[in-house]
Each structure stands twice: as C-alpha cells, then as structure tokens.
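Owing to the predicted nature of the structure, the values given are computational and were not obtained by experimental measurement. Only heavy atoms go into these numbers, but all of them, side chains included; no hydrogens, no water, no symmetry mates. In what follows, chains carry the letters A, B, and so on, assigned in the order in which the sequence lines appear, proteins first and then strands, with residues in each chain numbered from 1.
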Amino acid sequence: MEKITGNLQKESIQYMEFAKNVGKIVSIQGIIHRIREMTDFAFVILRTSRDVVQCIYSPKFSNYQLDEKVQEGCSVTVTGLVVQDQTREGRYELQIHNIAILSQPAEPLPLVINKKQIDNIALDLYLNMRSVVLRNPKERAVFKLQEGIARGFREYLLKQNFTEIRTPKIVFAGAEGGANIFKLDYFGKQVFLAQSPQFYKQMMIPIYERVFEIAPVFRAEHHDTSRHLNEYISMDLEMGFINSFYDIMEIETGALKYIFELLNHEYKNELELLNVQMPNIESIPTIKFMDAKDIIIHKFKKKITDFKDFDPEEEQLLGKWAKKEFDSDFLFVTHYPSEKRPFYAMDDQNNPAYTCSFDLLFRGIEITTGGQRIHDYHSQVAKMQARGMQVAEFESYLMLHKYGVPPHGGLGLGLERITMHLLGFKNVRYASLFPRDLHRVTP
RNA sequence: GGCCCGAUAGUUCAGUUGGUUAGAACGCCAGCCUGUCACGCUGGAGGUCGACGGUUCGAGCCCGUUUCGGGUCGCCA
C-alpha cells in the first residue's frame with residue numbers, strides 16, 4: 001500500500017529552473033503549443049503553466065520520431081538536455097531526447113491560439129470558446145493579473161490586521177432592497193441571492209474590528225452594457241474605530257499601492273504580454289461632490305440636469321481633469337448627496353443633505369463606493385423611519401447597533417472593473433473568466 | 001426594454017448598378033527551406049451567403065417575416 005504524505009515530488013522541473021540546470025538532462029511537462037518544422041530539425045514549443053518553452057527536435061540527439069502522433073495540443077513529458085538559447089540572450093532551451101505523450105486531442109482547435117494574440121473574433125464567439133481562447137499566453141495573462149490584484153488586496157489587509165470572512169450568498173432580505181435582486185426558491189420559501197455582504201461585514205465589526213471578503217455578488221439588473229455583469233467579484237472591507245471616512249480612503253490608497261507594487265514585482269511577464277500602462281499612485285487627489293459638479297459646469301461647459309449623481313460622461317470628464325491637474329489616474333469624490341446613498345450611510349453633521357461617503361474613480365470610471373456608516377442605534381432607526389422602511393424587518397441587522405458598535409465604515413471594489421480599466425478593455429466581459437450577463441449563463 | 005447597426009470559408013473581412021465558376025488574409029493539408037520565434041516560399045482543399053417567404057428571366061445584393069449577435073441609453077461596482 002502506498003502512503004500518502006501530501007508532499008508531491010514532481011520529477012519534472014519548471015522553466016524557471018532551467019538556468020541552474022544548464023548541461024543537465026531534465027524533464028518538463030506541458031502542452032505542445034506549436035511545432036515549427038525546419039529542413040532537418042524542428043522547434044517544438046511547449047506551453048507550461050506560466051511559460052512558453054522552446055524545445056529542439058533533431059535526429060542528431062532525439063531518440064523519438066517526430067511523427068503525426070506528436071501534434072499541437074498533445075500533453076507531453078519532454079526529457080532532454082538544457083542548453084543556452086543560441087540566439088536569445090538569457091533564454092534557455094531543451095534539446096529533446098524523448099517525448100512521452102500523455103494525452104492527445106481528438107480534434108484540431110477551432111481557433112488559432114498559438115500566435116502572439118488571438119484573432120479579433122466576435123465577443124460572443126470569444127466567450128463561447130473561453131476555455132480554448134485562454135490557452136493563448138496573452139489571454140491567460142489577464143486572469144493571472146486578476147489573481148495578483150485580489151492577492152494584493154488580501155495580503156495588504158491581512159498585514160493591516162484585517163480578518164478575512166465568508167458571508168452567505170443565499171439571504172432572506174436584500175441589503176438595499178429594490179427590484180434588482182435574484183429570487184430563489186428555498187424549500188418553498190422565497191429567498192434571494194446576495195447583492196452585497198454589507199450587513200454581514202458590519203455585523204463583524206464589534207467582533208474583529210476590521211474584516212474583508214472577496215466574493216461574488218449578484219445583481220438582477222436588466223442592464224445590457226459593456227460595464228455591467230449580473231454576477232461579479234466584490235472586494236469588500238469594513239473597519240471599526242475610524243475617526244472619519246478619510247481613514248477608509250487611506251486604507252484603500254495603501255491597498256492600491258501594494259497591489260501595483262506586487263504586480264510590478266511578481267507579474268512582470270503578464271504586464272509585458274499585455275503591454276499594461278501601470279498607473280502612478282503616490283497620493284490620490286480628493287474633491288467634494290458639489291465641487292466636482294462645479295468643475296464639470298465651468299471647466300467643461302456641460303449643462304447638468306442631475307445634481308444627485310454623475311452620468312458616465314461626467315465621470316470621464318473628472319477622470320481627464322484629475323489626469324491633467326494632478327497627473328493622477330485616480331480621483332476620490334466625497335460627500336455624495338444623502339438621497340442617493342443607502343439608509344446606513346452617515347450624514348455629514350455640517351450638512352445633512354450630504355453623506356460621509358466617497359467614490360473612487362479610476363481613469364474616469366467608478367470602481368469603488370464607500371463611506372462611514374451610522375453606528376448609533378437611535379439615529380439608524382430614525383433614518384430608516386424617515387425613509388418609510390419597515391424597521392422590524394431589519395431586526396437581526398439592527399442588533400449590531402442596539403448592542404453597540406464602534407464608529408466604522410468600509411468600501412466595495414469591483415474586481416472585474418479594476419482589471420478592465422487597468423488593461424484598457426472596452427468591455428468588462430473580457431475581465432471576467434466566465435461572465436454572467438442578461439444573455440449568457442454558459443459556459 | 002427603447003433607438004441604431006450587423007449576419008458571406010474554421011476565423012476576420014471584401015463582394016461595384018441585381019448578371020458566367022462568390023474573393024483575400026490567417027488557419028488547415030502537401031511539398032520545399034540549418035535557428036525559427038506572428039518564420040519564409042510553392043501548390044491544394046475548404047461556401048446551404050443565418051432561416052423562411054416574396055419580387056425578378058436571373059438575388060449574397062431588393063422587399064417582408066423571423067432567429068441570433070453588436071453598439072448605445074436607463075442603473076451601478
């Protein structure tokens with residue numbers, strides 16, 4: 001009987017380890033990405049989890065016949081001699097001694113995935129063939145970078161003494177109410193898919209002081225646009241004992257700096273493949289909502305009808321303004337009108353028509369909404385009553401305030417949106433591994 | 001959902017005023033090429049022009065219906 005120890009010892013090595021194995025015989029595993037046949041030898045390009053490795057087939061040193069069985073798409077173990085690349089400084093290649101075929105494709109690929117980039121195919125087809133498309137090194141780099149963003153968020157917050165939590169996605173009441181919530185049958189009872197972890201993360205404040213969650217949220221909005229998904233990943237945080245909502249903005253700025261540094265250090269390959277223009281982020285400029293409206297009116301000569309929120313064009317203009325004025329890709333807008341913010345938002349003491357809240361714009365698009373929450377029980381109940389809400393329905397949530405919670409606040413950051421704007425995508429679907437929208441539930 | 005636009009080879013597209021056998025690029029297949037790296041060269045295969053109906057001697061092209069898709073607005077992360 002074999003004993004399982006949990007320590008998988010792979011006999012094959014990664015491309016990273018080639019440098020210290022020059023002159024040695026090693027094995028590497030991967031999928032044949034491309035075969036370029038020359039007169040009496042061939043380049044066999046192997047695709048591994050993060051690299052593309054050049055292997056050389058030649059009857060001079062190969063004990064294996066390069067026949068029709070060795071084809072693109074085969075999963076293989078290649079054994080051979082590690083040598084320096086003859087034409088590329090600092091690169092290594094493998095002189096093939098043997099190839100063991102582990103698996104063969106049944107059919108050729110429907111798309112060309114072994115060029116520098118995928119042909120410009122229709123979005124619909126692109127998403128239908130997602131698992132094929134992602135085999136292309138440039139395509140898969142998108143979600144490796146997305147991993148880096150989420151990982152940076154997590155690592156930074158853990159260092160700041162945040163606790164990572166998991167909240168339910170099947171809920172009995174929606175956080176913000178409204179019609180844009182998915183209904184679900186739950187053993188004969190009507191329940192909903194969570195639109196936000198808002199209530200749960202607040203409930204954790206008296207317990208852990210600082211919490212965060214990276215998880216999907218669901219919005220049943222009938223919006224058919226290039227920047228909406230019906231399921232997206234929300235990176236949420238909530239922190240207690242704050243002096244003001246500016247503390248939350250400090251944490252977010254710190255997290256973003258950490259994320260971009262992490263990408264620069266550990267995701268160089270991917271940044272290069274995707275030719276990413278990294279934002280510079282020392283400090284993020286801040287402007288009040290009404291001052292921002294003022295700039296739109298006076299600097300950009302735009303007529304404004306809605307003084308409660310920005311439309312997409314206004315956000316674009318503010319993005320341009322922040323770039324020109326401060327050379328910043330980011331802009332915090334604070335003090336949004338109370339009317340447009342949820343019932344748990346804390347109003348500004350000096351001017352209750354506005355809230356202690358903020359949005360973060362990245363290159364002219366909103367990626368975060370955050371703010372300070374009401375912590376006093378009586379104030380919270382009063383605001384809910386003023387809005388005509390049924391206070392009794394929120395009994396379990398209001399236990400938070402009733403039994404005492406420190407001043408606190410938090411934010412939510414859309415993972416697909418930040419990915420989208422970092423990479424300059426025109427459609428958020430490119431930043432979602434398997435997007436869910438009005439028309440798409442497969443793959 | 002409203003408005004605008006589109007559907008032609010595996011993929012991206014071109015197709016003139018309605019007129020012979022519907023073209024190109026990439027991919028695929030065959031052959032050639034001592035080091036390519038979006039390799040190169042030569043040749044070949046590949047089409048129910050989304051579907052249904054109509055006008056016409058004749059429809060990829062004009063008209064109607066329908067299906068699928070794209071853009072945009074409402075809303076928001």
Side-chain angles (χ1 to χ4, degrees), chain A residues 33-46 52-60 68 71-72 83-88 91 93 95 107-129 132-133 136-138 175-176 178-180 195-198 214-236 252 306 308-313 315 336 340-342 358-362 365-370 411-421 426-429 431-432 437-440:
Chain A
H33 189 57
R34 187 146 177 78
I35 299 172
R36 266 194 280 275
E37 284 183 85
M38 310 304 287
T39 309
D40 56 0
F41 73 106
F43 298 100
V44 178
I45 316 295
L46 205 63
V52 173
V53 184
Q54 177 155 290
C55 305
I56 314 297
Y57 168 87
S58 166
K60 282 181 202 158
E68 67 279 358
Q71 55 180 289
E72 288 167 11
V83 295
Q84 298 231 331
D85 193 311
Q86 286 179 20
T87 54
R88 290 182 297 187
R91 298 281 298 176
E93 56 188 26
Q95 293 187 346
E107 283 184 35
L109 290 161
L111 290 171
V112 183
I113 56 114
N114 54 16
K115 296 269 176 168
K116 252 185 185 164
Q117 57 189 36
I118 297 282
D119 276 344
N120 183 29
I121 61 173
L123 179 62
D124 189 49
L125 187 71
Y126 176 95
L127 293 174
N128 284 342
M129 304 223 188
V132 174
V133 165
N136 175 264
K138 188 174 171 180
E176 338 268 317
N180 52 3
Q195 290 172 299
S196 156
Q198 184 62 35
I214 301 172
V217 295
F218 305 89
R219 305 276 165 104
E221 285 153 350
H222 285 262
H223 297 155
D224 195 3
T225 78
S226 58
R227 58 187 196 290
H228 284 97
L229 295 168
N230 292 298
E231 174 179 348
Y232 70 90
I233 305 298
S234 182
M235 302 198 293
D236 269 273
E252 179 163 32
D306 181 4
K308 299 282 183 282
D309 209 345
F310 300 115
D311 65 30
E313 192 198 343
E315 288 184 351
Y336 275 72
K340 275 282 177 173
R341 290 281 162 155
F358 64 93
D359 274 13
L360 179 62
L361 303 187
F362 176 35
I365 305 270
E366 180 190 333
I367 59 166
T368 287
T369 292
L411 59 81
L413 183 56
L415 179 59
E416 291 86 350
R417 281 218 180 155
I418 189 171
T419 308
M420 170 189 182
H421 293 111
K426 293 224 165 73
N427 195 310
V428 72
R429 287 161 182 81
S432 173
D437 65 32
L438 211 46
H439 312 288
R440 179 175 293 278

Please measure how far the C1' atom in B:G2 lies from the corresponding atom in B:G74, and state the result in whole Å. 9 Å
Result for 5'-nearest mapping on RNA chain B, choosing between A:Glu366 and A:Asn114, is A:Asn114
Name the nucleic acid region contacted by A:Asn136, choosing base, sugar-phosphate or nothing; use a 4.0 angstrom heavy-atom cut-off, strictly under. nothing
Phosphate-side-chain proximity, A:Thr87 and B:G35, N/O vs OP1/OP2 below 4.0 Å: no
Both distances below 3.5 Å, Watson-Crick or wobble geometry, any strand: find the nucleotide opposite B:G64. B:C52
Looking at A:Arg36 and B:C33, is any side-chain donor or acceptor paired with a base atom of the opposite kind under 3.5 Å? no
Tell me which nucleotide among B:U12, B:C76, B:G71 gets nearest to the side chain of A:Lys340. B:C76
Determine: side-chain N/O of A:Asn427 to OP1/OP2 of B:G71, distance under 4.0 Å, yes or no. yes
Separation of A:His439 atom NE2 from B:C68 atom P, in whole Å? 10 Å
Distance between the P atoms of B:U20 and B:A59, in whole angstroms? 12 Å
Verify whether one side chain among A:Arg440 and A:Asn230 offers a donor that lies under 3.5 Å from an acceptor in the other. no
What's A:Thr369 touching, base or sugar-phosphate or nothing? Going by heavy atoms closer than 4.0 Å. sugar-phosphate
Rounded off to whole Å, could you give me the CE-to-C1' distance for the A:Met129 and B:G10 pair? 8 Å
What's the CD-C1' distance between A:Glu315 and B:A77, to the nearest Å? 10 Å
Using atom C1' of each nucleotide, how far apart are B:G35 and B:G71 to the nearest Å? 46 Å
Can you tell me, in whole Å, how much space there is between the P of B:G10 and that of B:A51? 13 Å
Regarding A:Asp359, tell me which of base, sugar-phosphate or nothing describes its non-hydrogen contacts under 4.0 Å with the strands shown. nothing
When we call it a touch if two heavy atoms are under 4.0 Å apart, what does A:Gln117 touch: a base, just sugar-phosphate, or nothing? nothing
Once you apply a heavy-atom cut-off of 4.0 Å, does A:Glu93 come out as touching a base, just sugar-phosphate, or nothing? base
Nearest-neighbour nucleotide for the A:Phe41 side chain, B:C76, B:G70, B:G35 considered: B:G35
In whole angstroms, how far is the P atom of B:G1 from the CG atom of A:Asp437? 13 Å
Can A:Arg417 and A:Tyr232 be counted as having a side-chain donor-acceptor contact under 3.5 angstrom? no
Under a 3.5 Å limit on both distances, the Watson-Crick or wobble mate of B:G19 is B:C57
Distance between the P atoms of B:G50 and B:A38, in whole angstroms? 36 Å
When rounded to the nearest 0.5 angstrom, what distance separates NE2 in A:His33 from CD1 in A:Ile45? 8.0 Å
Over all atoms of both residues, closest heavy-atom pair of A:Glu72 and A:Arg34: OE2-CA, 3.5 Å
ring centroid sep under 5.5 Å plus plane angle under 30, A:Tyr232 with B:A77: yes
Any-strand Watson-Crick or G-U partner of B:G1, both distances under 3.5 Å: B:C73
Side-chain N or O of A:Lys115 versus OP1/OP2 of B:C26: is the shortest distance under 4.0 Å? no
Applying a 4.0 Å non-hydrogen cut-off, can you work out what A:Ala42 is touching in the nucleic acid: base, sugar-phosphate, or nothing? nothing
Considering only side-chain heavy atoms of A:Leu111, which listed nucleotide, B:A77, B:C28, B:U11, is closest? B:U11
Looking at A:Arg429 and A:Asp124, is there a salt bridge between them, counting it only when a charged N and a carboxylate O are closer than 4.0 Å? no
Picking from B:C76, B:A77, B:G70, which would you name as closest to the side chain of A:Leu229? B:A77
Distance, C1' atom - from B:G47 to B:C13, rounded to whole angstrom: 15 Å
Figure out the CD/P separation between A:Gln198 and B:A77, and round it to whole Å. 11 Å
State the CG-CG distance between A:Leu111 and A:Asn136, to the nearest 0.5 angstrom. 10.0 Å
A:Asp40 has an atom CG; how far is it from atom P of B:G31, in whole Å? 16 Å
Over all strands shown, is A:Leu125 touching base, sugar-phosphate only, or nothing at heavy-atom distances under 4.0 angstrom? sugar-phosphate
Taking all non-hydrogen atoms of both residues, which atom of A:Ser432 and which atom of A:Leu229 are closest, and how far apart? CB-CD1, 3.9 Å
For A:Gln95 and for A:Leu438, find the nucleotide of RNA chain B with the closest heavy atom, then tell me which residue's nucleotide is more 5'. A:Leu438
Taking the side chain of A:Asp124 as heavy atoms from C-beta outward, which of B:U34, B:A77, B:G69 is closest to it? B:G69
Sticking with atom P, work out how far B:G15 lies from B:C76, rounded to a whole angstrom. 43 Å
When we call it a touch if two heavy atoms are under 4.0 Å apart, what does A:Arg34 touch: a base, just sugar-phosphate, or nothing? sugar-phosphate
Picking from B:A38, B:C76, B:U12, the nucleotide nearest the side-chain atoms of A:Lys116 would be B:A38
Length of the CD-C1' vector between A:Glu72 and B:C29, whole Å: 13 Å
Would you mind reading off the distance between A:Gln54 atom CD and B:U36 atom P, rounded to a whole angstrom? 10 Å
Dump the intermediate steps for side chain to side chain contact (heavy atoms under 4.5 Å, CB included) on A:His228 and A:Val428, then the final yes or no. CA-CA 7 Å; A:His228 284 97; A:Val428 72; 5.9 Å; no
Sugar-phosphate, base or nothing in reach of A:Glu416, heavy atoms under 4.0 Å: nothing
Would you mind telling me which of B:G35, B:A77, B:G70 lies closest to the side-chain atoms of A:Arg219? B:A77
What integer number of Å spans the C1' atoms of B:U72 and B:G27? 34 Å
How long is the straight-line distance from CE of A:Met235 back to OG1 of A:Thr368, given to the nearest 0.5 Å? 8.0 Å
B:C33 -> Watson-Crick or G-U wobble partner, both distances under 3.5 Å, gives none
